[in-house]
There are 2 protein chains.
Amino acid sequence: MRPFDQSLPMALLRAREAAMRRFRPLLAEHDLTEQQWRVLRALTATDGPVEPTVLAERTFLLPPSLSRILSNLEGRGLIERSVATHDQRRSLIELSPDGRMLVRTVAPSSEAAYTRIEQRFGAARLQHLLEELHDLAELNLGEPT
Amino acid sequence: MRPFDQSLPMALLRAREAAMRRFRPLLAEHDLTEQQWRVLRALTATDGPVEPTVLAERTFLLPPSLSRILSNLEGRGLIERSVATHDQRRSLIELSPDGRMLVRTVAPSSEAAYTRIEQRFGAARLQHLLEELHDLAELNLGEPT
DNA sequence: TATTGTTATACTCTATAACTATA
DNA sequence: TATAGTTATAGAGTATAACAATA
């Protein structure tokens, strides 16, 4: 069997661990879990409001997990929900002003961590790595041959 | 702020998700969680018995989490524990014959998934990606500048 | 005193199913 | 009937602290 440290999932996990190590304490300072941050971050990336289903796909969270996270973030005033006018089943989620402010507070450290990686690893090399990861994720490995 | 899909941790998570998607149902068939499998997999990679502390580092599990997982795996007869003769505080963990058999049962599907990725992504390209991930993980990003 | 490993505790996420409201 | 989202439930991992046994 392939050696443990040549396993692709382990290599991805290890790299992610290395990239996140410095960032986690910062999230903890703001009482945010990784998953909560992923949701806030995904909301920052969109122009307008997003439906929970879309948000779940983008953040790799299951609907029940996302549902709890949204309740939590709404309770803290970091997001706002509304109901879609064309289909009352659908919710629309967006950052509140407080949520946007929180992201703006955390973002600089995130960028600093990124810059640090760029400096040590090389900006072009990192860009290429991101492209490779993107391609890998798009192979549709779940589809039948 | 950097676009969400240009975030390195998200790119790593997304790639890992893609690589694991087909593998999870197989683990579920054998009543194994991802973390339990990581432990079994790490034990396969070593020649002899391993101390829990080392195992925790290699699998990115916290000691309390690992402790529970080891109890579970021991209860299922998949691993064996002994006490180090030179230091009675230390445990030594190794796969049991049943554990080895289970790994041998699951391994072919793991290899098949890997081969599939190699075919679609390119073997050399994948090898290079693994090396880049390895280098990235070894940047010691947690250290002060 | 320090270290190895486990236990305690509280919380969060995962995963599947069942349910409500709307379409 | 089907879909969007929430709630129910059980289980597992995360994280920190406290603890027992050994060094």
Side-chain angles (χ1 to χ4, degrees), chain A residues 9 13 16-17 20-21 23-40 42 49-76 78-94, chain B residues 9 13 16-17 20-21 23-40 42 49-76 78-94:
Chain A
L13 182 61
R16 188 161 198 279
E17 247 350 87
M20 289 292 292
R21 203 165 294 142
F23 195 53
R24 284 220 184 83
L26 185 70
L27 292 182
E29 272 178 40
H30 295 277
D31 277 308
L32 289 171
T33 65
E34 249 187 74
Q35 290 84 346
Q36 289 167 350
W37 175 249
R38 284 219 295 274
V39 171
L40 295 179
V50 194
E51 296 169 16
T53 301
V54 174
L55 214 43
E57 283 165 11
R58 293 200 185 149
T59 55
F60 297 97
L61 291 165
L62 293 176
S65 299
L66 178 62
S67 204
R68 297 257 158 67
I69 290 170
L70 292 178
S71 298
N72 175 303
L73 296 177
E74 189 180 24
R76 293 158 71 176
L78 298 173
I79 62 165
E80 285 166 2
R81 315 167 92 134
S82 49
V83 174
T85 48
H86 67 290
D87 181 345
Q88 305 241 324
R89 291 172 305 183
R90 295 169 194 271
S91 294
L92 291 172
I93 314 289
E94 60 190 320
Chain B
L13 181 61
R16 188 161 197 280
E17 233 11 72
M20 289 292 292
R21 202 165 295 142
F23 194 53
R24 285 221 183 81
L26 184 71
L27 292 183
E29 272 178 39
H30 295 277
D31 277 309
L32 288 171
T33 65
E34 249 186 74
Q35 290 84 347
Q36 289 167 350
W37 174 250
R38 284 219 295 274
V39 171
L40 295 179
V50 195
E51 296 168 15
T53 301
V54 175
L55 213 44
E57 283 166 11
R58 293 201 185 148
T59 55
F60 297 98
L61 291 166
L62 292 177
S65 298
L66 178 61
S67 204
R68 296 258 159 67
I69 289 169
L70 292 179
S71 298
N72 176 303
L73 296 177
E74 189 181 24
R76 293 159 70 176
L78 299 174
I79 62 165
E80 286 166 1
R81 313 166 94 133
S82 49
V83 174
T85 48
H86 67 290
D87 182 343
Q88 305 240 322
R89 290 172 307 184
R90 292 168 196 272
S91 294
L92 292 172
I93 315 289
E94 60 190 320

Worksheet item: So does B:R81 get a side-chain nitrogen or oxygen closer than 4.0 Å to the phosphate oxygens (OP1/OP2) of C:dT6?
Response: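 Answer is yes, contact under 4.0 Å.
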Worksheet item: Would one find a side-chain N or O of B:T33 under 4.0 angstrom from OP1 or OP2 of D:dG13?
Response: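 Affirmative; the distance criterion is met.
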Worksheet item: Just how far is it from atom CZ of B:R81 to atom CD of B:E74, taken to the nearest 0.5 Å?
Response: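 The CD atom of B:E74 is 4.5 Å from CZ of B:R81, to the nearest 0.5 Å.
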Worksheet entry | A:L62 CG to A:Q35 CD distance, which is reported to the nearest 0.5 Å |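 A:L62 CG to A:Q35 CD: 11.0 Å, rounded to 0.5 Å.
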The side chain of [X] is closest to which nucleotide in this list: [options]?
{"X": "B:D87", "options": "D:dA23, D:dT7, D:dG5", "result": "D:dA23"}
{"X": "A:R89", "options": "C:dC13, D:dA4, D:dT22", "result": "D:dA4"}
{"X": "A:R90", "options": "D:dT14, D:dT9, D:dA4", "result": "D:dA4"}
{"X": "A:S91", "options": "D:dT22, C:dG5, D:dG5", "result": "D:dG5"}
{"X": "A:P63", "options": "D:dT22, D:dA17, D:dT6", "result": "D:dT6"}
{"X": "A:P64", "options": "D:dT7, D:dA15, D:dA23", "result": "D:dT7"}
{"X": "A:S65", "options": "C:dC13, C:dT16, C:dG5", "result": "C:dC13"}

Rounded to the nearest angstrom, tell me the gap between atom [atom1] in [X] and atom [atom2] in [N].
{"X": "A:Q36", "N": "C:dT12", "atom1": "CD", "atom2": "P", "result": "7 Å"}
{"X": "B:L32", "N": "C:dA15", "atom1": "CG", "atom2": "C1'", "result": "16 Å"}
{"X": "A:E51", "N": "C:dA23", "atom1": "CD", "atom2": "C1'", "result": "14 Å"}
{"X": "B:W37", "N": "C:dT14", "atom1": "CH2", "atom2": "P", "result": "22 Å"}

Practice prompt. Decide whether A:R68 and A:N72 meet the rule of one side-chain donor and one side-chain acceptor closer than 3.5 Å.
Written response: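 No.
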Item to complete: For A:L61 and for B:T53, find the nucleotide of DNA chain C with the closest heavy atom, then tell me which residue's nucleotide is more 5'.
Response: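 Upstream on the strand: B:T53.
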Worksheet item: Closer to the 5' end of DNA chain C via nearest nucleotide, is it A:L66 or B:S71?
Response: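 Upstream on the strand: B:S71.
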Worksheet entry | salt bridge (Lys or Arg N to Asp or Glu O under 4.0 Å) between A:R24 and A:E17, intermediate numbers included | CA-CA 10 Å; A:R24 284 220 184 83; A:E17 247 350 87; 3.2 Å; yes
